[in-house]
**Q** 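Structure incoming, see below.
Protein chains get the first letters and strands the later ones, always in sequence-line order, with residue 1 at the start of each.
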Amino acid sequence: MTTLASPFTRRVLSVVRRIPPGRVATYGDVAAAAGGPRAARAVGTIMRQCGSHDVPCHRVVGAGGALGGYGGNLELKRALLRAEGVVVAGSRIREFAERQWLAPRGGTARRQNPLSQR
DNA sequence: CCGTTGACGTCGG
DNA sequence: ACCGACGCCAACG
């Protein structure tokens, strides 16, 4: 095990793992949360590798609510999302803005702010 | 190390 | 709304 992947990759996997059921995140958002706002494509490359089911890769979708890809098994991706309550019409996610999940700020998030007052 | 590939994103026609 | 061109980044050969 032992971290075969680069820091960025493991960060991406970390983020995807945190996506709650019934919610979705775009490749771009995941990339940004992982520290590479311009690495949306790289996230796709990583997802493709995602052989482990520990990562809900089906919750990662395209920008604007596009379905994105799934190794040619888009039907499966649709079914999985649908099973979580996400309505998919054609290659588009309905109420995308409401379904979209954004990772909390601060990356891995630090505990609360010791002095959180603005 | 370099060139190619690809589950992306944004803009223009 | 659909298609094409560019850009960006990591993985693969």
**Q** Same cluster for A:Val15 and A:Val60 if Ile/Leu/Val/Met/Phe/Trp/Tyr side chains link at under 4.5 Å?
**A** yes
**Q** Quick one: side chain to side chain contact (heavy atoms under 4.5 Å, CB included) partners of A:Leu80, sequence neighbours excluded?
**A** A:His58, A:Tyr70, A:Leu76
**Q** Linking I/L/V/M/F/W/Y whenever any side-chain heavy atoms sit under 4.5 Å apart, do A:Val86 and A:Phe96 land together?
**A** yes
**Q** Would you mind listing every salt bridge (Lys or Arg N to Asp or Glu O under 4.0 Å) that reaches into residues 83-96 of chain A, with sequence neighbours excluded?
**A** A:Arg59-A:Glu84
**Q** Any chance you could list the contact pattern along nucleotides 8-13 of chain B? Use B for base contacts, S for sugar-phosphate-only contacts and - for none, protein heavy atoms under 4.0 Å, 5' to 3'.
**A** BSS---
**Q** Would you compute the distance between atom SG of A:Cys57 and atom CD of A:Gln49 and round it to the nearest 0.5 angstrom?
**A** 11.0 Å
**Q** Going by the rule side chain to side chain contact (heavy atoms under 4.5 Å, CB included), which residues pair with A:Arg78 if we only count those two or more places apart in sequence or in a different chain?
**A** A:Leu67, A:Val88
**Q** Between A:Leu13 (CG) and C:dA10 (P), how many Å, whole number?
**A** 14 Å
**Q** Please give me every residue in residues 84-101 of chain A whose heavy atoms get under 4.0 Å of an atom in DNA chain B, ordered by residue number.
**A** none
**Q** Tell me every residue that passes side chain to side chain contact (heavy atoms under 4.5 Å, CB included) with A:Thr45, counting only those two or more places apart in sequence or in another chain.
**A** none
**Q** Let me have the donor-acceptor pairs involving side chains of residues 21-40 of chain A, under 3.5 Å, with sequence neighbours excluded, atom names and distances please.
**A**
{"residue": "A:Thr26", "atom": "OG1", "partner": "A:Asp29", "partner atom": "N", "Å": "3.0"}
{"residue": "A:Thr26", "atom": "OG1", "partner": "A:Asp29", "partner atom": "OD2", "Å": "3.0"}
{"residue": "A:Asp29", "atom": "OD2", "partner": "A:Gln100", "partner atom": "NE2", "Å": "2.6"}

**Q** Shortest non-hydrogen contact from A:Val12 to A:Met47?
**A** CG1-CE, 4.1 Å
**Q** Would you tabulate the pairs of protein nitrogen or oxygen atoms and nucleotide nitrogen or oxygen atoms of nucleotides 11-13 of chain C closer than 3.5 angstrom?
**A**
{"residue": "C:dA11", "atom": "OP1", "partner": "A:Thr9", "partner atom": "OG1", "Å": "2.7"}

**Q** Quick one: pull up NZ in A:Lys77 and CG in A:Asn73 and give me the separation to the nearest 0.5 Å.
**A** 11.5 Å
